[in-house]
Asks: 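Have a look at this one.
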There are 2 protein chains.
Amino acid sequence: MNRQVPTLEDVAREAGVSRATVSRVINGIRNVDPHIQDSVRRAVERTGYAPNRAARSLVTRRAETIALIVSGAGDASEEEQDAFAARVFADPFFGRVVSGVVGFLRGRSMHPVLMFAETEAARDQVLAYLRQGSADGALVVSTHADDPLPGMLAAARLPAVLFARPAHPVPLSYVDLAHRDGARLAADHLLDRGCRRVGTVCGPQDVPAGRERLAGFRDALARRGHPHVPVAEGGFTLASGAAAMIRLLDEHPGVDGVFAANDLMAQGVCQVLGERGLRVPEDVAVVGFDDSSAATACRPPLTTVRQPVERMASAMAELLDEHIRGVRTEPTSLVFDPELVVRASA
Amino acid sequence: MNRQVPTLEDVAREAGVSRATVSRVINGIRNVDPHIQDSVRRAVERTGYAPNRAARSLVTRRAETIALIVSGAGDASEEEQDAFAARVFADPFFGRVVSGVVGFLRGRSMHPVLMFAETEAARDQVLAYLRQGSADGALVVSTHADDPLPGMLAAARLPAVLFARPAHPVPLSYVDLAHRDGARLAADHLLDRGCRRVGTVCGPQDVPAGRERLAGFRDALARRGHPHVPVAEGGFTLASGAAAMIRLLDEHPGVDGVFAANDLMAQGVCQVLGERGLRVPEDVAVVGFDDSSAATACRPPLTTVRQPVERMASAMAELLDEHIRGVRTEPTSLVFDPELVVRASA
DNA sequence: ATGAAAGCGCTAACAG
DNA sequence: CTGTTAGCGCTTTCAT
């Protein structure tokens with residue numbers, strides 16, 4: 001059997017024209033006789049031709065591929081890297097990012113290559129991958145404040161767009177959410193429903209999202225006469241949220257409203273409350289953040305601040321596409337608005 | 001500034017040898033004077049050379065890339081495709097697959113391209129992608145019984161390995177779990193802890209995993225004197241598990257043990273039980289399946305049948321690698337053993 | 001052991 | 001509007 005894939009040459013012969021003409025038709029370049037276009041298309045059909053991407057890349061210098069990178073900061077061992085990957089994907093957040101990116105790429109004949117950059121070596125690999133043209137650009141989701149990758153990408157002048165503003169300024173485009181506004185939405189909702197002593201299980205304070213959500217929450221409360229806010233810090237995971245809630249409750253037994261900086265932690269908060277015999281929302285109202293799948297999986301379903309992750313990820317991919325095509329050259333930031341989703345928890 | 005990436009030519013000039021020699025050194029081919037090897041390596045260092053993957057692919061006919069495909073069966077609209085992607089990634093299961101695959105690929109200079117194949121067009125794209133050599137093979141996770149992709153892959157004689165045995169026989173390698181054994185583990189545990197009236201929220205009966213888990217559960221119970229098993233079918237999602245549990249409870253109010261065919265459904269089962277005022281495990285014991293993140297997120301934490309997804313995914317990648325390299329030619333199946341993980345729910 | 005040379009399949013000037 | 005031609009950067013015989 002003939003595993004030989006047909007080439008341009010074959011199609012050209014079949015259609016009785018030159019390679020160049022076939023190439024023009026394939027790439028949709030005008031200035032080709034409609035008649036010939038037709039016969040070429042038929043020849044393509046007959047031969048089952050599909051352009052060889054490597055050959056095309058070699059001359060166009062485009063890989064039609066982008067790297068979707070989840071990067072950390074550490075220098076992890078093999079096992080830690082596996083654990084990192086596992087943890088990352090256990091968080092429903094990343095699935096939404098992937099989904100948004102794929103949504104944009106679909107039909108654009110661009111494909112995402114998944115990469116993890118948790119170690120020095122992995123970061124170098126990512127750089128090499130991009131520099132050798134295996135991918136045209138990078139979409140990066142950092143999980144740590146001191147992730148060196150964005151800086152490396154910028155220094156190498158490689159097209160890259162970040163999800164969320166980096167902790168340290170870097171001349172790269174990014175998409176982000178108006179975290180402060182989101183936190184304010186949560187604060188106002190808690191106050192409006194009558195909570196008098198509200199606290200928060202905030203996120204890690206070394207990442208902007210964690211900081212901003214806390215700052216926004218405090219601001220909003222201060223503006224409405226609550227200068228002091230009980231706070232316990234978590235790490236954006238369910239377990240850390242539960243642990244933080246235990247501390248919060250121990251120090252401030254009277255809280256009647258809690259804002260958790262993401263849904264996973266809010267779920268942990270609800271579990272702790274349940275174990276303490278406190279009802280949600282009757283005894284303590286809980287507001288989450290993200291509107292991830294954890295929000296609906298939680299009992300009771302979470303009132304939460306929706307972050308349009310899919311749209312943000314899609315916009316991120318679009319920004320990158322523009323940078324790659326060269327239609328956008330300056331670093332740009334796109335900040336999305338959050339939205340309150342009211343369910344049963346508050 | 002010089003964005004021009006150095007080529008083999010540059011390195012050769014720098015080292016004072018021919019391109020061929022540099023190529024040999026880079027690709028670790030013996031028969032090169034150790035002395036020259038050294039000077040070449042230094043030249044590579046100095047120039048910061050990284051081989052151009054497209055050029056290499058063009059001649060080796062290897063992309064060093066594999067497609068990681070999540071495929072369905074339908075012919076969905078754009079929005080449905082987005083929803084599909086979102087749903088797929090909301091399931092912690094896929095994250096574990098990705099994690100296992102990445103774990104195997106790491107350090108092997110192979111990279112996974114993420115693809116979704118929910119529509120006719122998407123499937124054709126996948127085929128074209130592989131046939132034009134953009135990827136050397138495919139890892140496919142089907143979500144539906146009548147997914148045509150495996151058959152297409154086999155017919156095109158493209159290297160491919162499946163996660164889970166396909167519903168309809170296809171001459172492709174796959175990795176799978178001994179589902180029946182897993183279900184038996186669950187049944188025995190429930191019986192051993194004293195449950196007398198056990199039922200099950202089973203998975204979709206058109207996919208082998210759903211069927212096998214139910215069959216195994218029934219067999220085990222029958223063998224221990226329980227010929228009749230209350231059953232309600234779910235769709236492997238939390239909501240469907242909850243709905244199934246409601247039906248099960250309505251028809252068989254006396255159940256004191258439930259086996260849910262995956263953790264997500266088990267979580268739904270626990271929620272329903274909680275809402276009915278039934279305690280887990282005191283009134284009704286619950287056993288899940290998978291040992292996914294849902295198992296620990298659940299209250300109480302789930303006793304469950306562990307499926308070593310990461311190891312399975314890693315093995316799947318290894319099988320594919322062997323098929324690609326040609327060291328394995330016959331379709332092969334690798335079946336892993338499940339393991340009972342006892343937590344609080346049963 | 002090393003180099004010269006011939007492509008891999010495609011696009012993009014450049015002619016015509 | 002179409003064909004000819006010259007590479008893209010690399011690997012791989014084939015000589016030497």
Side-chain angles (χ1 to χ4, degrees), chain A residues 3-41 43-44 47-65 109 128-136, chain B residues 3-41 43-44 47-65 109 128-136:
Chain A
R3 290 286 297 101
Q4 193 53 38
V5 183
T7 74
L8 254 199
E9 188 75 51
D10 299 322
V11 181
R13 198 177 322 110
E14 180 83 14
V17 296
S18 72
R19 288 208 309 272
T21 301
V22 178
S23 176
R24 289 188 186 102
V25 173
I26 301 263
N27 294 300
I29 292 177
R30 20 167 216 305
N31 294 349
V32 179
D33 185 302
H35 234 69
I36 296 198
Q37 284 199 29
D38 244 47
S39 71
V40 168
R41 259 188 270 279
V44 168
T47 53
Y49 170 77
N52 179 304
R53 165 175 302 228
R56 175 181 283 178
S57 276
L58 189 54
V59 28
T60 60
R61 288 151 177 298
R62 282 285 176 70
E64 307 273 81
T65 295
S109 81
Y129 194 80
L130 288 161
R131 296 198 332 145
Q132 73 189 21
S134 300
D136 302 322
Chain B
R3 289 286 296 98
Q4 192 53 37
V5 183
T7 74
L8 253 200
E9 188 75 52
D10 299 322
V11 180
R13 198 178 322 110
E14 180 84 15
V17 296
S18 72
R19 288 208 309 271
T21 300
V22 179
S23 175
R24 290 190 184 100
V25 174
I26 301 260
N27 295 301
I29 292 177
R30 25 167 212 304
N31 292 350
V32 179
D33 186 300
H35 234 69
I36 297 197
Q37 286 198 30
D38 244 47
S39 70
V40 168
R41 258 189 271 280
V44 167
T47 52
Y49 170 77
N52 179 303
R53 167 175 301 229
R56 175 180 282 178
S57 275
L58 189 54
V59 28
T60 60
R61 286 147 180 300
R62 282 287 176 70
E64 306 273 83
T65 295
S109 80
Y129 193 80
L130 288 161
R131 296 199 330 146
Q132 71 190 21
S134 301
D136 302 323

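To find a chain, count down the sequence lines: A is the first, B the second, and so on, and within it residues start at 1.
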Asks: Quick one: CZ on B:Arg53 to OG1 on B:Thr60, what's the gap to the nearest 0.5 Å?
Replies: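 Reported value, rounded in 0.5 Å steps: 10.0 Å.
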
Asks: Looking at A:Thr60, I'd like to know whether one of its side-chain N or O atoms comes within less than 4.0 Å of OP1 or OP2 on C:dT11.
Replies: no

Asks: My understanding is that only residues two or more places apart in sequence, or in another chain, count here; which of them pass ring pair (Phe, Tyr, Trp, His ring centres under 6.0 Å) with A:Tyr129?
Replies: B:His111

Asks: Return the value, rounded to whole Å, for the distance between atom CZ of B:Arg13 and atom P of C:dA4.
Replies: 14 Å

Asks: Using a cut-off of less than 4.0 Å, is there contact between a side-chain N or O of B:Ser18 and OP1 or OP2 of C:dT2?
Replies: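 So the side-chain polar atoms of B:Ser18 never come under 4.0 Å of the phosphate oxygens OP1 or OP2 of C:dT2.
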
Asks: Hey, does the side chain of A:Thr47 reach the backbone of A:Ala43 with a donor-acceptor pair shorter than 3.5 angstrom?
Replies: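 Side chain of A:Thr47 to backbone of A:Ala43: a pair is present.
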
Asks: For the atom pair CZ (B:Arg131) and OH (A:Tyr49), what is the distance rounded to the nearest 0.5 Å?
Replies: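 Atom-to-atom, B:Arg131:CZ and A:Tyr49:OH are 11.5 Å apart.
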
Asks: When the distance from CG of B:Leu8 to P of C:dA4 is rounded to whole Å, what number comes out?
Replies: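 Distance check: B:Leu8 CG to C:dA4 P gives 14 Å.
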
Asks: Go through the steps for A:Thr7 and A:Glu9 under the test side chain to side chain donor-acceptor pair (under 3.5 Å), then give the verdict.
Replies: CA-CA 5 Å; A:Thr7 74; A:Glu9 188 75 51; 5.7 Å; no

Asks: Quick check for you: among C:dC10, C:dT2, D:dC10, whose closest atom lies nearest to any side-chain atom of A:Arg56?
Replies: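 Per side-chain heavy atoms of A:Arg56, the pick is C:dC10.
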
Asks: Check the phosphate of C:dT11 against A:Asn27, side-chain N and O only, distance under 4.0 Å to OP1 or OP2. Yes or no?
Replies: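 A:Asn27 to C:dT11 OP1/OP2: side-chain N or O found under 4.0 Å.
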
Asks: Between D:dT4 atom C1' and A:Arg24 atom CZ, what is the distance in whole Å?
Replies: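 After rounding, the gap between these two atoms is 10 Å.
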
Asks: Tell me the interatomic distance from A:Glu9, atom CD, to C:dC10, atom P, rounded to whole angstroms.
Replies: 9 Å

Asks: Output a table of nitrogen or oxygen pairs between the protein and nucleotides 6-8 of chain D separated by less than 3.5 Å.
Replies:
| from | atom 1 | to | atom 2 | distance (Å) |
| --- | --- | --- | --- | --- |
| D:dA6 | N6 | A:Arg19 | NH2 | 3.2 |
| D:dC8 | O3' | A:Arg61 | NH2 | 2.6 |

Asks: Check the phosphate of D:dT11 against B:Ser23, side-chain N and O only, distance under 4.0 Å to OP1 or OP2. Yes or no?
Replies: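 For B:Ser23, the contact criterion (side-chain N or O under 4.0 Å from OP1 or OP2 of D:dT11) is met.
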
Asks: Ignoring hydrogens and geometry beyond distance, is the side chain of B:Arg53 in donor-acceptor contact with the base of D:dG9 at under 3.5 Å?
Replies: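 Looking at the base of D:dG9, it does not pair with any donor or acceptor on the side chain of B:Arg53 (distance under 3.5 Å).
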
Asks: Under 4.5 Å between any side-chain heavy atoms of A:Asn27 and A:Arg56, yes or no?
Replies: yes

Asks: Step by step, would you call A:Val17 with A:Ile36 a side chain to side chain contact (heavy atoms under 4.5 Å, CB included)?
Replies: CA-CA 8 Å; A:Val17 296; A:Ile36 296 198; 3.9 Å; yes

Asks: Taking the side chain of B:Asn52 as heavy atoms from C-beta outward, which of D:dG9, D:dT4, D:dC14 is closest to it?
Replies: D:dG9

Asks: Of B:Val11, B:Val44, B:Thr21, B:Val40, which is the lone residue that meets side chain to side chain contact (heavy atoms under 4.5 Å, CB included) with B:Ile26?
Replies: B:Val44

Asks: Is B:Arg24 close to B:Asn31 at the side-chain level, that is, under 4.5 Å between some pair of heavy atoms?
Replies: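 The answer is no, as the side chains (C-beta and beyond) never meet within the 4.5 Å cut-off.
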
Asks: So what is the end-to-end bend of the helix from C:dA1-D:dT16 to C:dG16-D:dC1, with 5 pairs used at each end and the value given to 10 degrees?
Replies: 40°

Asks: Verify the contact: side-chain N or O of B:Asn31 to OP1 or OP2 of C:dA1, cut-off strictly under 4.0 Å; return yes or no.
Replies: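 Answer yes for this pair, as a side-chain N or O of B:Asn31 is under 4.0 Å from OP1 or OP2.
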
